Amino acid sequence: NAGVTQTPKFQVLKTGQSMTLQCAQDMNHNSMYWYRQDPGMGLRLIYYSASEGTTDKGEVPNGYNVSRLNKREFSLRLESAAPSQTSVYFCASRPNPDRATEAFFGQGTRLTVV
Amino acid sequence: AQSVTQLGSHVSVSEGALVLLRCNYSSSVPPYLFWYVQYPNQGLQLLLKYTSAATLVKGINGFEAEFKKSETSFHLTKPSAHMSDAAEYFCAVSEYGGFKTIFGAGTRLFVKA
């Protein structure tokens, strides 16, 4: 029972390089999310997809793009990485965008931009 | 806008002592509140949630939280700390409309032998 799977787990990029973080869930959830976690700042929402075919900006979307490829997969792309994007990135899913439902998280991707 | 504030970025307790992690919320509508735990190098997992049923909510690993509307609080407690409780704990509120969850800054719990 995999839940939410993120790849890669670790990545080092040079400033200006691009990359895509992959996320897949096998729980048939409708909603998917990308967060970044920085010390002392909790989790901040980058983008979310309330349902297949829709995406919306969260709190900190600048410098990122997303694609909801299908119901299972939600990818996050950094077009031109900057040191300020050094962070731990988490993908999460929820059964539906209902206030009472909790989020299920992946293990995270630790990204360093040098 | 809804928000949560966690008081204390770090809390240290002795093994066997009471654990109290504080969370206050701000919401113009009845809130739905969550506590998540994050063990080192892992993702977050749900400890417990309040969704307007019983005000005292019991979660996994012996944790519980009490919703107090008059104090706008949802503090997390455990009667007796165990070494395995050392982790970071996040309080969160589900945004009105349901699409987003807003997280607090987190409290790291240290447990001393």
Side-chain angles (χ1 to χ4, degrees), chain A residues 1-10 21 23-25 27 29-51 54-61 68 88-110, chain B residues 1-10 21 23-25 27-54 57 59-60 65 67 74 87-108:
Chain A
N1 195 6
V4 179
T5 302
Q6 292 182 234
T7 55
K9 287 186 169 50
F10 301 93
L21 281 63
C23 174
Q25 52 90 10
M27 297 174 283
H29 287 175
N30 287 305
S31 303
M32 298 186 73
Y33 303 79
W34 277 105
Y35 292 90
R36 59 178 290 173
Q37 183 181 25
D38 302 290
M41 304 190 74
L43 274 74
R44 291 182 292 168
L45 182 63
I46 304 171
Y47 271 94
Y48 67 100
S49 172
S51 60
T54 69
T55 60
D56 284 285
K57 295 178 180 179
E59 185 183 358
V60 288
R68 182 76 183 265
V88 182
Y89 291 85
F90 286 99
C91 178
S93 68
R94 293 167 71 197
N96 52 66
D98 180 276
R99 294 184 70 204
T101 61
E102 66 268 27
F104 294 78
F105 285 82
Q107 299 275 2
T109 296
R110 188 173 297 274
Chain B
Q2 292 165 286
S3 64
V4 290
T5 301
Q6 293 183 240
L7 300 177
S9 59
H10 297 84
L21 304 182
C23 173
N24 288 89
Y25 69 89
S27 178
S28 58
V29 297
Y32 284 24
L33 296 159
F34 304 80
W35 275 100
Y36 289 85
V37 61
Q38 183 182 31
Y39 298 104
N41 300 314
Q42 293 189 25
L44 281 71
Q45 61 185 86
L46 182 72
L47 266 181
L48 50 82
K49 64 180 180 181
Y50 168 77
T51 57
S52 76
V57 182
I60 62 172
F67 173 72
F74 190 56
E88 189 155 21
Y89 293 79
F90 292 91
C91 183
V93 62
S94 187
E95 186 189 61
Y96 184 73
F99 293 112
K100 304 177 204 175
T101 303
I102 299 162
F103 288 85
T107 298
R108 186 168 295 278

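Because the structure is a prediction, the values reported are computed rather than measured. Per chain, numbering begins at 1; letters A, B, ... match sequence-line order.
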Taking the side chain as C-beta and beyond, is there a heavy-atom pair between B:Lys100 and A:Glu59 under 4.5 Å? no

Is chain B contacted by the side chain of [X], its backbone, both, or neither, given a heavy-atom distance below 4.5 Å?
X: A:Arg44; answer: neither
X: A:Gln37; answer: side chain
X: A:Leu43; answer: both
X: A:Tyr35; answer: side chain

The interface call for B:Gln6 against chain A, heavy-atom contacts under 4.5 Å, is neither

For the residue pair [X] and [Y], what are the closest heavy atoms and their distance?
X: B:Thr51; Y: A:Ala100; value: CG2-CB, 3.8 Å
X: B:Gln38; Y: A:Phe90; value: NE2-CZ, 3.2 Å
X: B:Ala105; Y: A:Gly40; value: CB-O, 3.5 Å
X: A:Thr101; Y: B:Lys49; value: CA-NZ, 4.3 Å

Residues at least two apart in sequence or cross-chain that pass ring-ring contact (aromatic ring centres under 6.0 Å, His included) with A:Tyr47, listed by chain then number, are none

What side-chain donor-acceptor pairs closer than 3.5 Å can you find for residues 40-48 of chain B, not counting sequence neighbours?
none

Tell me whether B:Tyr36 contacts the main-chain N or O of A:Ala103 through its side chain, where contact means a donor paired with an acceptor under 3.5 Å. yes

